[in-house]
Amino acid sequence: MERKLSSPMAPTFMVSAPGKAIVFGEHAAVYGKPAIAAAISLRSYLLVTTLSKSRRTVQLNFRDIGLNHTWEIDTLPWNVFHQPSKKRFYSSVVDSLDSEFLEAIMPHAQAVSKHLPEKQRKIHIKSATAFLYLFLSLGSSKSPGFIYTLRSTIPIGAGLGSSASVCVCLSAALLIQIRALAGPHPDQPLEEAEMQIEHINRWAFVGELCIHGDPSGVDNTVSAGGKAVMFQRNASGPPSVIRLTKFPKLPLLLVDTQQPRSTAIQVEKVKTLKTNHPEITEIILDGIGKIATSALELMPSADFSGNSDALGHWGTLIGMNHGFLVSLGVSHPRLERIRELVDYANIGWTKLTGAGGGGCAITLFRPDIEDQTIEELEQKFSAEGFQIYEIILGADGVGVLWPAVFRNGTNGKAGEEIDQKMFENADGVEGINQLVGVGVQENREGWEFWTRDVFPR
Ligand SMILES: Nc1ncnc2c1ncn2[C@@H]1O[C@H](COP(=O)(O)OP(=O)(O)O)[C@@H](O)[C@H]1O
Ligand SMILES: C[C@@](O)(CCOP(=O)(O)O)CC(=O)O
Ligand SMILES: [Mg+2]
């Protein structure tokens, strides 16, 4: 099914991609060790509006970070991106950034936030760079004007793969616009769907390269394909990915320290440690990889309930994995406080998830913990300023709503186009979920996913 979205009359459409939780193996994944990660029910949503033929501008409206910038399409450095000698950079698999491209983009990316404080400015520039790199690689100077409006329910910079989910949305939207994707549709052969996911994933990785320098690729892989994966980066060629179709239902709690940090800085920390203490660091990274392999071997049936041995084994591995991450220097006192509270109550095993240095921790509960005990713990977390997220693991990967109209009566607007302003101004996570959240059953109507439901819910 080909879509003619580059036509000026193309209707508004929306794409969405999930965040992720790394259950085992962060950081070591960067160095080619295996990792296990699952897509979560928090997601990003990107609305693409085509402008009339006479308006040849591209507007990036990233409301969550306060970025709203418009470029004239004709002023962008198309000549640099589309020179014949650079063809391989946009026609084949791209696994590194081109310095000439980056240089050409930089003044345009830097134009987005001239007068902001340094920290916020960096965030804006990273997102704008990822967008421009993909837009110029995949798009054309003849392109009509567009508005890209993004909202996300994933906390930014908290280890839940917000960057990857944004990059998957951008990649999917742009590939749809150049008619490079077939589907998704329910009777699409699995192999074809997998190829489409991989196409989206590869360009999302390029976006991640713009945001964090040296990503392993695990985040974009699990965001694009959804569900859960065992992921291993290879020294050359594409990574090895096993889709985990029997990922267990975990009694899991996700707690956010609310301590912001940047993945790029945490990854850099480990790199410095590896330079200064190569042998010891390699042993730790290898140990983390062995934990992920062991977890995969011990992964029981789809359900942990009534299988306390398996749960206990995974719990022990979670504790060991966290210990190794502490040794790498990527924990934080707030993360240790979460672990301390869980350990005192003796009700489970905790590890940081994602790049650490702040961000989120996951706790796997022991079997048969009373609901009241969990409630008491949650109250302590709230009192100390931690944020608890209710998530489901194994969510759908990238999906498309085409055209972007309300399909149901919950918003009282069935059949109406999803209004850009309404989406832009949706009030926080609740507002976004209510309006378009695919986790809300009524809102799922009309969404199509390349991934299939393989997990028991
Ligand atoms: N909702 C969003 N809107 C715009 N940019 C975003 C959004 N979420 C993430 N980003 C980009 O991703 C970066 C955060 O990525 P990263 O440090 O890898 O943390 P995370 O663990 O959330 O992926 C931000 O600096 C920003 O550039
Ligand atoms: C630390 C790392 O393993 C995961 C980073 O995840 P996040 O950006 O913190 O969500 C880096 C990577 O694998 O690219
Ligand atoms: Mg990230």
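It should be emphasised that the depicted structure is a prediction, and the values quoted were computed from it without experimental measurement. Whatever order the structure lists them in is the order used to number ligands and atoms, beginning at 1.
Among the atoms of Ser163, an N, O or S atom falls under 2.8 Å from the Mg ion (ligand 3).
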Identify the protein atoms, limited to N or O, that lie within less than 3.5 Å of an N or O atom of ligand 2, and list each pair with its distance to 0.1 Å.
from: ligand 2; atom 1: 3 (O); to: His27; atom 2: N; distance (Å): 2.9
from: ligand 2; atom 1: 6 (O); to: Lys20; atom 2: NZ; distance (Å): 3.0
from: ligand 2; atom 1: 6 (O); to: Asp219; atom 2: OD2; distance (Å): 3.1
from: ligand 2; atom 1: 8 (O); to: Thr263; atom 2: OG1; distance (Å): 2.7
from: ligand 2; atom 1: 9 (O); to: Arg261; atom 2: NH2; distance (Å): 2.5
from: ligand 2; atom 1: 9 (O); to: Thr263; atom 2: OG1; distance (Å): 3.2
from: ligand 2; atom 1: 9 (O); to: Ala355; atom 2: N; distance (Å): 3.0
from: ligand 2; atom 1: 10 (O); to: Lys20; atom 2: NZ; distance (Å): 2.7
from: ligand 2; atom 1: 10 (O); to: Gly159; atom 2: O; distance (Å): 3.3
from: ligand 2; atom 1: 10 (O); to: Gly161; atom 2: N; distance (Å): 2.9
from: ligand 2; atom 1: 10 (O); to: Asp219; atom 2: OD2; distance (Å): 3.3
from: ligand 2; atom 1: 13 (O); to: Ser216; atom 2: OG; distance (Å): 2.5
from: ligand 2; atom 1: 14 (O); to: Ser216; atom 2: N; distance (Å): 2.8
from: ligand 2; atom 1: 14 (O); to: Ser216; atom 2: OG; distance (Å): 3.4

Which pairs of nitrogen or oxygen atoms, taken one from ligand 1 and one from the protein, are under 3.5 angstrom apart?
from: ligand 1; atom 1: 1 (N); to: Asp64; atom 2: OD2; distance (Å): 2.9
from: ligand 1; atom 1: 5 (N); to: Ser127; atom 2: OG; distance (Å): 2.9
from: ligand 1; atom 1: 8 (N); to: Ser162; atom 2: OG; distance (Å): 3.4
from: ligand 1; atom 1: 17 (O); to: Thr263; atom 2: N; distance (Å): 3.1
from: ligand 1; atom 1: 17 (O); to: Thr263; atom 2: OG1; distance (Å): 3.2
from: ligand 1; atom 1: 18 (O); to: Ser163; atom 2: OG; distance (Å): 3.1
from: ligand 1; atom 1: 18 (O); to: His212; atom 2: NE2; distance (Å): 3.2
from: ligand 1; atom 1: 18 (O); to: Thr263; atom 2: OG1; distance (Å): 2.8
from: ligand 1; atom 1: 19 (O); to: Thr263; atom 2: OG1; distance (Å): 3.4
from: ligand 1; atom 1: 21 (O); to: Gly159; atom 2: N; distance (Å): 3.0
from: ligand 1; atom 1: 21 (O); to: Arg261; atom 2: NH2; distance (Å): 3.3
from: ligand 1; atom 1: 22 (O); to: Gly157; atom 2: N; distance (Å): 2.8
from: ligand 1; atom 1: 22 (O); to: Ser162; atom 2: N; distance (Å): 3.3
from: ligand 1; atom 1: 22 (O); to: Ser162; atom 2: OG; distance (Å): 2.6
from: ligand 1; atom 1: 23 (O); to: Ser162; atom 2: N; distance (Å): 3.1
from: ligand 1; atom 1: 23 (O); to: Ser163; atom 2: N; distance (Å): 3.1
from: ligand 1; atom 1: 23 (O); to: Ser163; atom 2: OG; distance (Å): 3.0
from: ligand 1; atom 1: 27 (O); to: Ile123; atom 2: O; distance (Å): 3.2
from: ligand 1; atom 1: 27 (O); to: Ser127; atom 2: OG; distance (Å): 2.7

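Ring pair Phe449/Trp447 is parallel by interplanar angle, where below 30° counts as parallel and above 60° as perpendicular. Using cut-offs of 30° and 60° on the angle between ring planes, the pair Phe24 and Trp314 is perpendicular.
Residues forming a side chain to side chain contact (heavy atoms under 4.5 Å, CB included) with Arg337 (at least two apart in sequence, or on another chain): Glu340, Leu341, Glu384, Phe386. When the salt bridge (Lys or Arg N to Asp or Glu O under 4.0 Å) test is applied to Arg43, no partner is found at least two apart in sequence or on another chain.
The distance between the ring centers of Phe135 and Trp78 falls below 6.0 angstrom. Between Trp349 and Phe365, the ring centre distance reaches or exceeds 6.0 Å. For Phe81 and Tyr133, the ring centers sit closer than 6.0 Å to each other.
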Could you walk me through whether Lys274 and Glu279 pass the salt bridge (Lys or Arg N to Asp or Glu O under 4.0 Å) check?
CA-CA 8 Å; Lys274 199 166 183 306; Glu279 280 179 26; over 6 Å; no
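Taking both residues in full, the closest heavy atoms of Cys360 and Leu335 are given as O-CD2, 3.7 Å, listed atom of the first, atom of the second, then distance.
With no hydrogens or angles considered, a side-chain donor-acceptor pair links Ser240 and Asn234 at under 3.5 Å.
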